[in-house]
Amino acid sequence: MHCDPRFSRVREVFERHFADGEELGAAFAVYQDGELVVDLWDGVADRNTGRPWERDTPAFAYSCTKAVTATVLLQLAERGLVDVSAPVAEVWPEFAARGKAAITVEHLLTHQSGLPVMEEPVPVEEFEDQAAIAARLAGQEPLWEPGTAHGYHALTYGFLVGEVVRRVTGKSVGELVAAEIAGPLGLEMWVGAPDEVIPRTARLKAAERPQALKVTEAGAAPTGAGAGAAPTGAGPTTTGAGPAATSAGPATGAGRAAGAGPAATGAGDGGQGRPDDLVAAMTRAALDPQSLMNRALGNPAMHRVKGGANNPVILRAGWPAAGLVTTARGLAGFYRSLAAGDILRPETLRDATRTRVNGPDRVLLLDTAFGLGYMRPSLTFLMPSGSAFGHSGMGGSIGLGDPERGLGIAYVMNKMANALSGNLRGIRLVEAVYQSL
């Protein structure tokens, strides 16, 4: 392990998490101005076998994938292959059906298309057939007028953006990440893990069910629930793609908005009133199988294959919203290279990280803020700096860049956090980095 003495506070926080029993296995990495200043890992990658977490142990990072997928599309835009402001139907004609002719690529990247749910259950046979899943979305009608509101497209984001990429290039997001980003830059990251990587990938441990919720007394728990149902104990064996909200913890975000820290930049209460009212609304939504939250987060349902996100089918599938397998060093290196202009031109990144939507999210209920596929500081992306951008993932993983400070930061782990208690581990580590500058 390596930690520059200037960042000793970061190492102290990382080690305390293990000493306090908050971690099973985890890794944290930081680049500053191109230099790897923090590279920490510890614990076990598989609690069943005792396999230790090694320097090259990757982890499934859920929705951290979305920022990588957005970057692939923005590379195509730089080359003139995609016009972000143009209708999706220009490259995907079938998408125009059922009132979607005016939906733009920007609407997809900013969660404004009104297509946050798959209306019909996706069969397991299609889990590795992204084009088939995209065709289902092409036949759906938006749930709201595109461009008038935003709501977290937890899984559909990837199938929508990924199909635009495929229509333009004939290749998947995962293939382009390997050829255009990870391969040339030597990054340990894959959108869809190769067979040789799967055996050494960390095995996720499901989040414990918070005691605050009595699911058996409240009624039937959501079926096929995703991260929005994390209060009922959903974890990697029962979930779909995790939203950024659960990586920070919805309840944690609400508490911070009430005055607990500097990170709630531009945060509101999701239009729900007091933070406790917001948590109550989220709990009701999590317990309702028909809520927009659960419908968006639970289909395709990873739990339909044994082991959920630990199953090779999911690790290999490369869903562009939740298919990233990466080391902390690999994901931090991705943001290092973004900040340095090695992946996108600086002007492209500046425009892409400009906040396009900010406010109540129709799916998560909390306030969310997005640029072109990148999260911006909000209740669901609690950052000490207004210039930070990136994406977090279910259970706690975080990837972010901060060009103003020359930072690339990433945290991955295998002990999933639940939504009610939130995940302060990654937030504490990020805050320690900024405190060390």
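This chain uses plain numbering: 1 for the first residue, then up along the sequence.
At a cut-off of 3.5 Å, with distance as the only test, a side-chain donor of R6 or Q32 sits close to an acceptor on the other residue. With hydrogens and angles left out, the side-chain atoms of S63 and K66 include a donor and acceptor closer than 3.5 Å. For the residue pair R376 and T353, no side-chain donor N or O sits within less than 3.5 Å of a side-chain acceptor on the partner. A donor-acceptor contact closer than 3.5 angstrom links the side chains of Q112 and T110. Of the N and O atoms on the side chains of R166 and S172, not one donor lies less than 3.5 Å from an acceptor on the other residue. When only modelled atom types and interatomic distance are considered, S385 and D402 share a side-chain donor-acceptor pair under 3.5 Å. The closest side-chain donor-acceptor pair between R356 and H150, if any, does not fall under 3.5 angstrom.
Rounding to the nearest 0.5 Å gives a distance of 6.5 Å between CG of L109 and CG of L74. To the nearest 0.5 Å, atoms CZ (R11) and CG (D42) are separated by 9.0 Å. With rounding to the nearest 0.5 angstrom, the NE2 atom of H153 is 12.0 Å from the CG atom of L297. Considering CD of E180 and OG1 of T169, their distance stands at 9.5 Å, rounded to 0.5 Å. How far CG of L155 is from CD1 of I133: 9.0 Å, rounded to the nearest 0.5 Å. Taken from CZ in R329 to OG1 in T57, the straight-line distance is 9.5 Å, to the nearest 0.5 Å.
Shown here for F60 and G323, the closest heavy-atom pair between the two residues is CE1-CA, 3.8 Å. Scanning all heavy atoms of the two residues, the minimum distance from G330 to M189 falls at O-SD, 3.9 Å. The two residues T355 and V357 make their nearest non-hydrogen contact at CG2-O, 3.4 Å. Closest of all the heavy-atom pairs between G308 and I314 is O-CG1, 3.3 Å. Looking at every heavy atom in both residues, L364 comes nearest to M282 through O-CE, 3.8 Å. Nearest heavy-atom pair across V363 and P116 is CG2-CB, 3.9 Å.
Between F370 and Y152, the ring-plane angle classifies as parallel under the 30° and 60° cut-offs. Ring geometry for W92 versus F95: interplanar angle of 30 to 60°, hence tilted.
Between Y62 and M416, some side-chain heavy-atom pair lies under the 4.5 Å cut-off. Using a 4.5 Å heavy-atom cutoff, the side chains of L292 and L143 are in contact. Inter-residue side-chain proximity for V38 and H2 is flagged as unmet; no heavy-atom pair is nearer than 4.5 Å. T326 places none of its side-chain heavy atoms less than 4.5 Å from the side chain of C64. For the pair L315/W190, no side-chain contact is recorded, criterion being any heavy-atom separation below 4.5 Å from C-beta on. In this structure, T104 and V88 have side chains that are not in contact, with every pair of non-hydrogen atoms separated by 4.5 Å or more. Considering only heavy atoms from C-beta on, W144 stays 4.5 Å or farther from L115 through its side chain. Looking at heavy atoms from C-beta onward, T327 lies out of side-chain contact with L187 at the 4.5 angstrom threshold.
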* Step by step, would you call L36 with D4 a side-chain contact (heavy atoms from CB on, under 4.5 Å)? -> CA-CA 9 Å; L36 183 63; D4 186 293; over 6 Å; no
* Applying side-chain contact (heavy atoms from CB on, under 4.5 Å), run through L185 and I343 and close with a yes or a no. => CA-CA 9 Å; L185 295 172; I343 301 176; 3.7 Å; yes
* Please lay out, stage by stage, how S85 and V105 fare under the test side-chain contact (heavy atoms from CB on, under 4.5 Å). => CA-CA 6 Å; S85 63; V105 176; over 6 Å; no
* Asked: Hey, mind stepping through T71 and Y374 against side-chain hydrogen bond (donor to acceptor under 3.5 Å, both in side chains) and telling me if it holds?
  -> CA-CA 9 Å; T71 302; Y374 302 115; 2.6 Å; yes
* Begin from the C-alpha positions of L344 and E78 and carry the test side-chain contact (heavy atoms from CB on, under 4.5 Å) through to its verdict. => CA-CA 8 Å; L344 296 173; E78 282 191 339; 3.9 Å; yes
* How far apart are the C-alpha atoms of H111 and R362, what are their side-chain angles, what is the distance that settles it, and do they pass the side-chain hydrogen bond (donor to acceptor under 3.5 Å, both in side chains) test? -> CA-CA 10 Å; H111 303 264; R362 288 203 174 187; over 6 Å; no
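Among F389, Y411, Y31, the single residue meeting the ring pair (Phe, Tyr, Trp, His ring centres under 6.0 Å) criterion with Y335 is F389. Between H17 and the options R428, R425, K415, a side-chain hydrogen bond (donor to acceptor under 3.5 Å, both in side chains) holds for only R428.
A distance-only check finds a donor-acceptor pair linking the side chain of N299 to the backbone of V122 [under 3.5 Å]. A side-chain donor-acceptor contact under 3.5 Å links T69 to the backbone of P320. Formation of a donor-acceptor pair under 3.5 Å by the E188 side chain with backbone atoms of L331 is not found in this model. Remark: side-chain polar atoms of T65 are paired, donor with acceptor, to backbone N or O of L324 under 3.5 angstrom. With hydrogens and angles disregarded, a donor-acceptor distance shorter than 3.5 Å links the side chain of N311 to the backbone of K306. A distance-only check finds no donor-acceptor pair linking the side chain of N414 to the backbone of K205 [under 3.5 Å]. Judged by distance alone, the side chain of D20 and the main-chain N or O of E22 form no donor-acceptor pair under 3.5 Å. Remark: the backbone N or O of D56 is paired with a side-chain donor or acceptor of R200 at under 3.5 angstrom. For T201 (side chain) and V197 (main-chain N/O), a donor-acceptor pair under 3.5 Å exists by modelled atom type.
Look at E90 and R167 and you find no salt bridge, because none of the NZ, NE, NH1 or NH2 atoms lies under 4.0 Å from a carboxylate O. Using a cutoff of 4.0 Å between basic side-chain nitrogens and carboxylate oxygens, E126 and R136 are scored as salt-bridged. Residues D39 and R55 are paired through a salt bridge, judged by an N-O separation under 4.0 Å between the basic side chain and the carboxylate.
Between W319 and F127, the distance separating the two ring centers is shorter than 6.0 angstrom.
With sequence neighbours left out, the ring pair (Phe, Tyr, Trp, His ring centres under 6.0 Å) criterion links F334 to no other residue.
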